[in-house]
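Read the structure below first, then the notes.
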Protein chains: 2
Amino acid sequence: MNAQPTDASLDTRQRLIEAAILTFAEKGFDGAGIREIALRAKANSALVTYHFSGKEGLYLECLRYIFTRKACRVAELAAAPSPEGPGAREAALQQLRNHIRAFTQDLMACDPSDPQDPLGEAAMALMAREMQAPRAISSALLMEQIRPHVDHLMGCLQVLRPDLSRDELLNMGMSIQGQLLYFRNSLGIARLIRSNPAYPEDLEVVIRHFTDFSLRGLGIPEAFPQPRN
Amino acid sequence: MNAQPTDASLDTRQRLIEAAILTFAEKGFDGAGIREIALRAKANSALVTYHFSGKEGLYLECLRYIFTRKACRVAELAAAPSPEGPGAREAALQQLRNHIRAFTQDLMACDPSDPQDPLGEAAMALMAREMQAPRAISSALLMEQIRPHVDHLMGCLQVLRPDLSRDELLNMGMSIQGQLLYFRNSLGIARLIRSNPAYPEDLEVVIRHFTDFSLRGLGIPEAFPQPRN
DNA sequence: GACTGATTCAAACGATTGATTAATTCTTGT
DNA sequence: ACAAGAATTAATCAATCGTTTGAATCAGTC
């Protein structure tokens, strides 16, 4: 076991985690082998057991790594206070717009300064896999990380549609998030359908669509002072 | 090899396919073993190679089985002619409503007469897995099956919003389908978030929400002669 | 009843899996 | 310089993987 990790081991740990994220994202938990991961990280496969006490430990560490160092934009937004008092409605509307934009950008590439970053892409693909078929061992970790985002979104929706019940609000949130996550999870098929491997060429166009569609679907007429055509 | 299958072998083939759908849906392609599948089907594991020439062949046969015998409702709708001429708008609106209802019902349980049918549930879970992370070997089969549904939906949307470009219409379709598929793919998390393992108790409530949200998001004011509260 | 081909079976194949061992190298504090 | 412990390595473990083999069983035909 490792009592107090040194600088040297931290490098190896990180290399293993990043290689594991890439490999897990490509092939899934069962499809990825620790030898392949270790080879990618230029490390010995025995170090997986040494550092993470097994393949499952490495997998959990990958999820933690993604949660703590990625998806920062949405996390920041979720920390914002729920809108209250006078002007709460306008504030909630703006927060919802920000949420859609931040979530979409996080989904496409976690690191905005390096849009080619393969790690960010892989991290979101891995998250998507995990959300669809969560392993028993990781569902607790998943819920713990998702909860604040849900609460934040629900807070905004409640201000915008105070007439709706909690269940109806959850349905609204589900529809909004569903568009965004499906957009991310079905990029492969979407590109096939459109016969355009470069889709989406401009993320801003997609964000604007999501925002308009969501606000209309939410039933907020004042968000559209003048219909644009 | 099997030249002309007899009645006896058809039973075994079907048992293997259905057991494979269940197991593949639970554990994924790599996680499921042919011994486990064969045990479930009360058959010998060597029959996988004999009947389907390997594990991959069995997997493809599962997808074909699902496509041909399940999701009938949406397939029927997709065969309906695109609305034209006078009254096309009302027809397209009704077809869109039917599409949302049929798709949601298909997603939840393929066999309406037996809502407890575990095979229908597993089949959709397997499809969801495949759409998110399509195997190279099956993406062609997937596109071939999805294409008519996409075309049908796009035909309706084009009638309802003739002012939009093809890309904008595709975005609309993506948002509508996204809600539905995300609803299906994230049922596990949704139940955790709502602390309600029985969600959704009434599918009709969800269908109505999807319909209302989609029609509003699509920007069809006449679909709501009177806002309900 | 003997023949034929499809189907099923138990057993074993080589390959690969995640995990473990023991020896070695590297790092650090004294 | 030296001991102590962390980090890494090659080699190996038992288990399981998908597949193959060859014989046994079944259903028809003559």
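Throughout, protein chains are lettered first and strands after them, A, B, ... in sequence-line order, and every chain is numbered starting at 1. Here the structure is a predicted model, which means the values were calculated and not measured.
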On DNA chain C, does the nearest nucleotide to G31(A) precede the nearest nucleotide to A46(A) from the 5' side, or the other way round? Give the residue. G31(A)
T12(A) side chain N/O closer than 4.0 Å to the phosphate oxygens (OP1, OP2) of dT8(D)? yes
Indicate whether OP1 or OP2 belonging to dG18(D) is found under 4.0 Å from a side-chain N or O atom of T49(B). no
Within this structure, what is the OH-to-P distance between Y50(B) and dT21(D), rounded to whole angstrom? 15 Å
I need the NZ-P distance between K55(A) and dT16(D), as an integer number of Å. 15 Å
Nearest whole angstrom, please: distance from the P of dA10(D) to the CG of L47(A). 10 Å
Check whether any side-chain N or O of K55(A) sits under 3.5 Å from a backbone N or O of A32(A) as a donor-acceptor pair, and report yes or no. yes
Quick one: L16(B) CG to dT8(C) P, roughly how many Å, whole number? 8 Å
Once salt bridge (charged side-chain N to carboxylate O under 4.0 Å, His left out) is applied, do any residues pair with R64(A), and if so which ones, sequence neighbours excluded? E61(A)
Using modelled atom types only, decide if a donor and an acceptor are shared between the side chain of R129(B) and the backbone of R129(A) within a distance under 3.5 Å. no
Find the distance E56(B):CD to dC17(D):P and express it as a whole number of Å. 17 Å
Among residues at least two apart in sequence or on other chains, which ones pass side chain to side chain donor-acceptor pair (under 3.5 Å) with E36(B)? K27(B)
Among residues 33-45 of chain B, which ones have heavy-atom contacts with DNA chain D below 4.0 Å? G33(B), I34(B), R35(B)
From T104(B) OG1 over to L180(B) CG, what is the distance, rounded to the nearest 0.5 angstrom? 4.5 Å
Separation of dA6(D) P from R13(A) CZ (nearest whole Å): 14 Å
Write down the distance between NE2 (H51(A)) and C1' (dA19(C)), rounded to a whole number of angstrom. 16 Å
Under a 3.5 Å cutoff, is there a donor and acceptor pairing between the side chains of H209(B) and Q179(B)? no
